Structures are given as structure tokens and as C-alpha cells.
Amino acid sequence: MNTVKILTSQAVPGMVVSEDIYTKDLHLIISKGTVLTDKIITRLNFYSITDFYIYSDENLVKVETDYFENTFYTELKKSESFNRFYQAYHNSANRIKDSMDSIMDNHNEFDADKLLSEVRNILYHCSTNIELFHMLHCMREYDDTTYIHSLNVALICNIIGKWLHFSSEDLEAITLAGLLHDLGKLFIPNEIITKPSKLNDFEFSMIKTHTIRGYQILKNKKIDERVKNATLMHHERCDGSGYPNGLLSHEIDPFAKLVAIADVYDAMTSARVYRGPLCPFEVINLFETEGYLKYDTKYILTFLEGVVQTYINNTVRLNNKMEGQIVFINKFDLSRPVILSNGQFIDLSKQRDLYIEALI
Ligand SMILES: [Fe+2]
């Protein structure tokens, strides 16, 4: 049977993997013959597996999606406040696109303040971080472009920076780092970024160069060095498994470590062509069980604790189809809070067979 190499971003539930896939330190992630599901694709992204081989027989690709209607977000999307947020978000995103395009021309002045004012404009429409997180989740089905992703990462960086009690100066710098981290992707031909079929080795290595290309554009601009480093190092991982230089924790700029968390969280909770947004608790569980070696411990703990707090009082559906409200957070098991369902407390840290399947 034929096999083809695909990018993990092109993976679709139902595809069948034609090789054993290992982490860099040789732990088996999935074995040959595994049928891909959303959960497995999330794991591959999480371990920074950028490409792998699948069987190319068309008959093996059976896409089965089983997504639940998300009533909480459906209601929020009908609200006036979301409408205002949506308008502000899209207006700002368009202006950010124009600014980024002009940064690509080296002769243009770099106006960091103008870019940051666009983020401030969006933040103005949300009185709390909780509201911002919910609004962002309502945007998950919209355009999956470098500009939208960059804006989301900037907003998430801003929230984490606040949780970490950054000074206002550092907060501006980390927000700018989020906005500019993928700037180098604008150099990569769109046909490669959006190519639906097999990429050759040259195209794969082209995509990986976005870190260095982004840095080259920024290196002579009058902006905070940490912003430039975040562009260069946001795909580095603390255990040395990242790129472009396989740096270790102490060699990676703290801003790059923070952008890395916002980047992965946004990518995993955003809709892709082949799937809807993943439940944040699934993403939190992955970070919690497998992320401490790859990401900065203090940053990841602050981030996960903060994200989980935003979902207190939310209604969720468990894998046994029971519904209930999140009432307590387990500090040592963040993806497994206590749920109140039909007057009964369910402690997910004790009932290990149950997990949160969806926010509703
Ligand atoms: Fe990137």
C-alpha cells in the first residue's frame, strides 16, 4: 500500500498512520496502524511532531466527527456584547494585517504603539479576563490565518502577563511579542502554508524557517530585545526538543517560553479545517500530564490555574453524558474539578473513569 508524508496540521481524523511515531527521546506516541482521532492529533501537535507518514489509500480516510452543539457559546454569540466584541476584533485584525504587511517592507517605520493600540481596543470591550476568554472561544470558528492567530496569542500573552503581575512596560512588550511571533510566516508562500496535499522536504523546512526569518526582520528595529527573541525562540522547548536551535531551558528567553504556551493553547483550542475547537479541559489535561518538561514550570502553572479559574460555574458535559456545574477546582489536578450534578458532588480527581467532554 502507498504511503505519503503529511504535515501534522494536515492530519484529519480517520487517517491511518503507516509508521511508529516517537518523541525525540524515543518514547512511543502512537504505533503503526493507528487510526487518527482529534485526541491523537492533539497529542502529535503537543509533542511537536511536525510531519509523519500515512497510508494513502483513499478508502482508509473515513472522517467521523461528533461535535456537540455548544449551548453556552451559542447563547453568548447572540448577545449584544459579543456583537460589539466581534466588530472591534475584526476591525483591529484588519488594521493589524495592514501594519504587519508594511513591517515586511524593511523601509517602513515600525510603529509598535499603533499595533498595541489595536490590542487595547479589543481589551476595552472585555471587563474581565473571564469575559475575554469566553469571547475568544466564541471566535474559534473564524478565520484560521496567521493574523488572527497572532492577535489571539497577543491577547492570551496579555492575560498571562497580568496573572504573573508583570509591570505595565513588560505587559506591553509581551503583548507585542505575541503579535509578532509568527511574522516570519508571512514570508512563506501561502500555497505552502495552506497546501492540502503532500509537502516535500523542502517545503517542510521552509515552514520551519519562519522563526529565523521573523527575527531577521525585527533584529534592527528599535524594539525590546525580548520581543525579537520570542520571535526566534517560540518553538524552542525546555527539554531541547524544539527548533530552530534545540535550546535548553536556561538558553531560552523567558518571553519566548511564555509565547510558546499561548501559541500552543491557541492552536489546540482553535477550529481547524478538519475539526471543531477542542475542549479546553482536554488541552489543560495534556499540559498538566505531559507539559512540565517542555514548558516553563512557573509560567505553565500560573497559566493553567488561571484558565481553570475562568471556567468556575460553567456547565459541562462529562463523558457519561451527565451534565453539571464546575464548583471547586482541584489545585493538584486542574483538569479534574468537582462537578455539581443533580444535587450530587462528583470529584473528577477521584472518579478517574470520568472526564469533561465539553463546555456547554
Ligand atoms: Fe510559530
Side-chain angles (χ1 to χ4, degrees), residues 7-11 24 41-42 44-51 93 96-97 99-101 103-104 115 119 136 143-158 160 173-195 199 203-219 223 226-247 251-273 283 287 291 294-296 299-300 303:
L7 269 182
T8 305
S9 61
Q10 297 169 316
K24 223 173 182 180
I41 295 168
T42 306
L44 293 172
N45 277 315
F46 190 78
Y47 281 109
S48 310
I49 304 296
T50 51
D51 52 87
I96 285 169
K97 178 181 184 311
S99 297
M100 281 193 182
D101 287 343
I103 296 170
M104 302 305 283
L115 274 173
V119 179
L136 278 182
D143 321 346
D144 171 28
T145 65
T146 299
Y147 306 103
I148 294 290
H149 170 65
S150 301
L151 177 53
N152 288 344
V153 172
L155 290 165
I156 296 170
C157 281
N158 183 280
I160 309 176
I174 190 62
T175 307
L176 189 61
L179 270 177
L180 298 177
H181 77 286
D182 263 350
L183 194 63
K185 276 201 178 153
L186 304 181
F187 276 113
I188 316 286
N190 217 23
E191 310 86 82
I192 295 183
I193 289 185
T194 57
K195 190 177 171 186
L199 292 182
E203 290 164 335
F204 278 119
S205 50
M206 278 276 277
I207 285 183
K208 285 190 178 180
T209 61
H210 78 277
T211 49
I212 294 166
R213 284 163 176 248
Y215 179 77
Q216 280 166 346
I217 274 284
L218 296 179
K219 71 178 179 194
I223 51 170
R226 298 171 296 178
V227 175
K228 299 175 188 176
N229 287 339
T231 302
L232 179 65
M233 302 175 183
H234 68 275
H235 285 284
E236 301 287 0
R237 296 292 178 260
C238 294
D239 58 0
S241 63
Y243 67 85
N245 294 314
L247 301 180
E251 301 169 299
I252 306 172
D253 191 300
F255 269 32
K257 292 177 177 176
L258 211 156
V259 168
I261 293 170
D263 182 24
V264 170
Y265 184 79
D266 184 64
M268 293 207 283
T269 54
S270 288
R272 288 290 178 263
V273 184
V283 179
F287 268 122
K294 290 188 174 297
Y295 302 93
D296 181 276
Y299 290 172
I300 196 75
F303 175 66

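In this text, all values refer to a predicted model and were calculated from it rather than measured experimentally. Atoms within each ligand, like the ligands themselves, are counted from 1 in listed order.
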is_close_aromatic(H235, H181), centroid dist under 6.0 Å: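 Ring centres of H181 and H235 not closer than 6.0 Å.
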
Which residues share a ring pair (Phe, Tyr, Trp, His ring centres under 6.0 Å) with F187, sequence neighbours left out: none

Any side-chain heavy-atom pair of I212 and L232 under 4.5 Å: yes

Between OH on residue Y243 and NE2 on residue H210, distance to nearest 0.5 Å: 4.5 Å

Spacing of CD1 belonging to I207 relative to NZ belonging to K185, to within rounding of 0.5 Å: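 Going from the CD1 atom of I207 to the NZ atom of K185 covers 7.5 Å.
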
Sum of protein N, O or S atoms, each under 2.8 Å from the Fe ion (ligand 1):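 The number of such protein atoms is 4.
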
Cation-pi geometry met for K257 and Y299 (6.0 Å, 45°):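 Judged by the rule (NZ or CZ under 6.0 Å from the ring centre, within 45° of its axis), K257 is not positioned above Y299.
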
